[in-house]
Amino acid sequence: MRELQLRDLYERFRDPATLQALSELIHREAAGLKRPINIMEVCGGHTHTIMKYGLKQLLPESIRFIHGPGCPVCIMPKERIDHAYALAMQPEVILATLGDMIKVPGSKGSLQDARSRGADVRFVYSPLDLLKIARENPDKKVVYFAIGFETTTPMTAALIEQARKAGIDNLLYHINHVTVPEPMEMLLGDRREAQESGEKSRIDAFIGPSHVSVIAGAKIYRPFPERYGRPVVVSGFEPVDVMEGVLMLVRQFIQGRSELEIQYKRSVTMEGNLSAQRLIEKYFERRENFRWRGLGEIPRSALRLKEEYAQIDAEKIYAEILPDEPIDDHKLCICGEILRGMAQPYECKVFGKACKPSSPLGSCMVSSEGACAAYYKYGELLHEARRSEA
Amino acid sequence: MCLSIPSKVVSIDKEKATAVVDTMGVQREVGIDFIEDEVKLGDYVLIHIGFAMNIISEEEALASIETYREILELMDAEERERAIRDADRCEGG
Ligand code: SF4
């Protein structure tokens, strides 16, 4: 009996009947839309849900998704990966990082390649693992190559805090933390560069990332409905969450509203986690500029350690061996256009041919969270969908 | 993958700002720096790269645990442990 009840609960999030009901509701209400709407789901996690559960096929033609840049591995420019590589190749350095980062090729190869050439590169599940590595290797410099959005930034700050408290002094940081609102703003084309190139944004509304918002609070999206007239719904990762988010956006358009709403009330508040935010402010400050792979320079879109922590900042300590020449992607790669909502992955000439997850040419194929990787993985579904459309 | 399977708090060490949590039978130590003031024994938390991010309601937690149970039951012990650890390895949104 108990088990049955649990099943009932979880089926709220994935149950085909619920999805179908939401789909019908959206179809009915979207019939009242004056024109089609383009919704950008900012986060790679949402892109995956949309592809995996075939949500596009459950929506009317008047609702389209634009896949956003919310995959921290995908947006890491090659010159930063070269930094990691150069650091790893230092004989006194142990380099540690998270996730898919280890597989991403820079201009000299990936961190995996560095390892096969003798470098000590470690993959960690948690920044806290660094404390142990640093303690066990007192004669080494342990460098944490820190990546991620607002979701992982406080964990790096907590690591710094704990290492300082414990008196560990051989732990250094190479900070690549980026922020979500700035690229969203840039993608709207309200920035000067975008206007100069005559590019018009096709984004009408956003589905906001949920885990980022658990930390930073939904408040970070306020300018979008208020200043730019683009509604935002912060939504969870389950398929029913995403569909409900879409329905909430459709209703805003029908009723002529432009607001910030939270679908994922289970975990997200307007304010976010204040102690995490305080810790971030203690250690980090904005960079004036950061180059995003596929998108170019975005002002104030990334963080660095404050000047007073220069003695643990690997970027400063090793400045001489860290080249900063921008390195572009393969010229056939249209990732930039995909992230801007101007193209879809299957429009790329090398998609699934020269460019695959096992041999990525561009950033959107590199990480499992990237749009091209999602299309590749769930391509079958897409194929079927296109066949049935034809 | 960004699954965030709910984990139950089984012990708390305020000194070290850590807690031991149980994620579907797998126990590990996580940081509680961000929820230190409110976390209690028996709470369900979401773990993200080795830190508890927030506390969630029991109803919510049991519902999503059940979802994952189905998937995890198909794996052997080693795979399962890896999957559980991988599940909160979410650098993205
Ligand atoms: S398929 Fe590869 S080359 Fe083409 S846009 Fe995607 S990442 Fe770039």
Side-chain angles (χ1 to χ4, degrees), chain A residues 3 5-14 41-46 48 68 70-74 98-101 124-129 147-152 154-155 157-159 161-162 165 180 208-215 237-238 266-268 273-276 279 367-369, chain B residues 1-6 13 15-21 23 26 28-39 44-71 73 81-93:
Chain A
E3 199 158 329
Q5 283 170 358
L6 288 175
R7 184 177 300 264
D8 288 346
L9 282 172
Y10 96 75
E11 283 191 342
R12 283 204 321 246
F13 304 128
R14 292 188 183 184
E41 88 282 3
V42 183
C43 171
H46 283 138
H48 261 255
C71 155
V73 171
C74 305
L98 298 171
D100 292 338
M101 200 63 232
V124 293
Y125 281 108
S126 164
L128 286 180
D129 298 344
I147 60 163
F149 287 94
E150 287 88 337
T151 349
T152 55
M155 288 72 172
L159 170 65
E161 179 94 348
Q162 296 211 13
K165 266 193 202 150
V180 164
S210 48
H211 286 172
V212 162
S213 317
V214 170
I215 301 288
F237 285 119
E238 297 292 344
R266 324 203 276 280
S267 287
V268 173
N273 186 316
L274 295 174
S275 52
L279 211 51
S367 159
S368 53
E369 284 191 16
Chain B
M1 272 312 285
C2 199
L3 291 175
S4 292
I5 307 175
D13 183 340
E15 259 315 273
K16 282 169 64 196
T18 58
V20 173
V21 298
T23 318
V26 176
R28 62 203 154 134
E29 195 180 46
V30 300
I32 52 166
D33 306 56
F34 316 126
I35 55 166
E36 214 170 344
D37 298 337
E38 57 272 37
V39 70
Y44 284 95
V45 292
L46 289 185
I47 310 296
H48 185 73
I49 58 165
F51 286 82
M53 268 205 303
N54 58 343
I55 302 167
I56 57 170
S57 76
E58 184 167 2
E59 181 197 16
E60 160 79 10
L62 294 177
S64 43
I65 285 174
E66 193 59 18
T67 314
Y68 298 121
R69 192 180 312 281
E70 287 204 342
I71 308 168
E73 264 166 12
E81 172 137 13
R82 199 176 43 232
I84 287 171
R85 299 217 60 172
D86 269 347
D88 59 63
R89 216 193 73 208
C90 159
E91 298 84 26

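Every chain is numbered from 1, with letters handed out A, B, ... down the list of sequences.
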Counterpart residues, side-chain contact (heavy atoms from CB on, under 4.5 Å), relative to B:Ala52 (two or more places apart) =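 Only B:Ile32, B:Ile35, B:Val45, B:Ile47 meet the side-chain contact (heavy atoms from CB on, under 4.5 Å) criterion with B:Ala52.
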key: Stepwise ring-ring contact (aromatic ring centres under 6.0 Å, His included) test for A:His48 and A:Phe237   = CA-CA 9 Å; A:His48 261 255; A:Phe237 285 119; over 10 Å; no
ask   = Sequence neighbours excluded, which residues qualify as salt bridge (charged side-chain N to carboxylate O under 4.0 Å, His left out) partners of B:Glu29?
value =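 Per chain and number, B:Glu29 pairs via salt bridge (charged side-chain N to carboxylate O under 4.0 Å, His left out) with B:Lys16.
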What part of [X] gets closer than 4.5 Å to chain B, counting heavy atoms only: side chain, backbone, both or neither?
X	value
A:Val214	side chain
A:Leu279	side chain
A:Gln162	side chain

B:Asp33, part contacting chain A, at a heavy-atom distance under 4.5 Å =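 Both parts, heavy atoms under 4.5 Å.
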inquiry  = Could you tell me if B:Thr18 and B:Asp13 have a donor-acceptor pair between their side chains, going purely by distance under 3.5 Å?
reply    =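 The criterion, which ignores hydrogens and geometry beyond distance, is not satisfied for B:Thr18 and B:Asp13.
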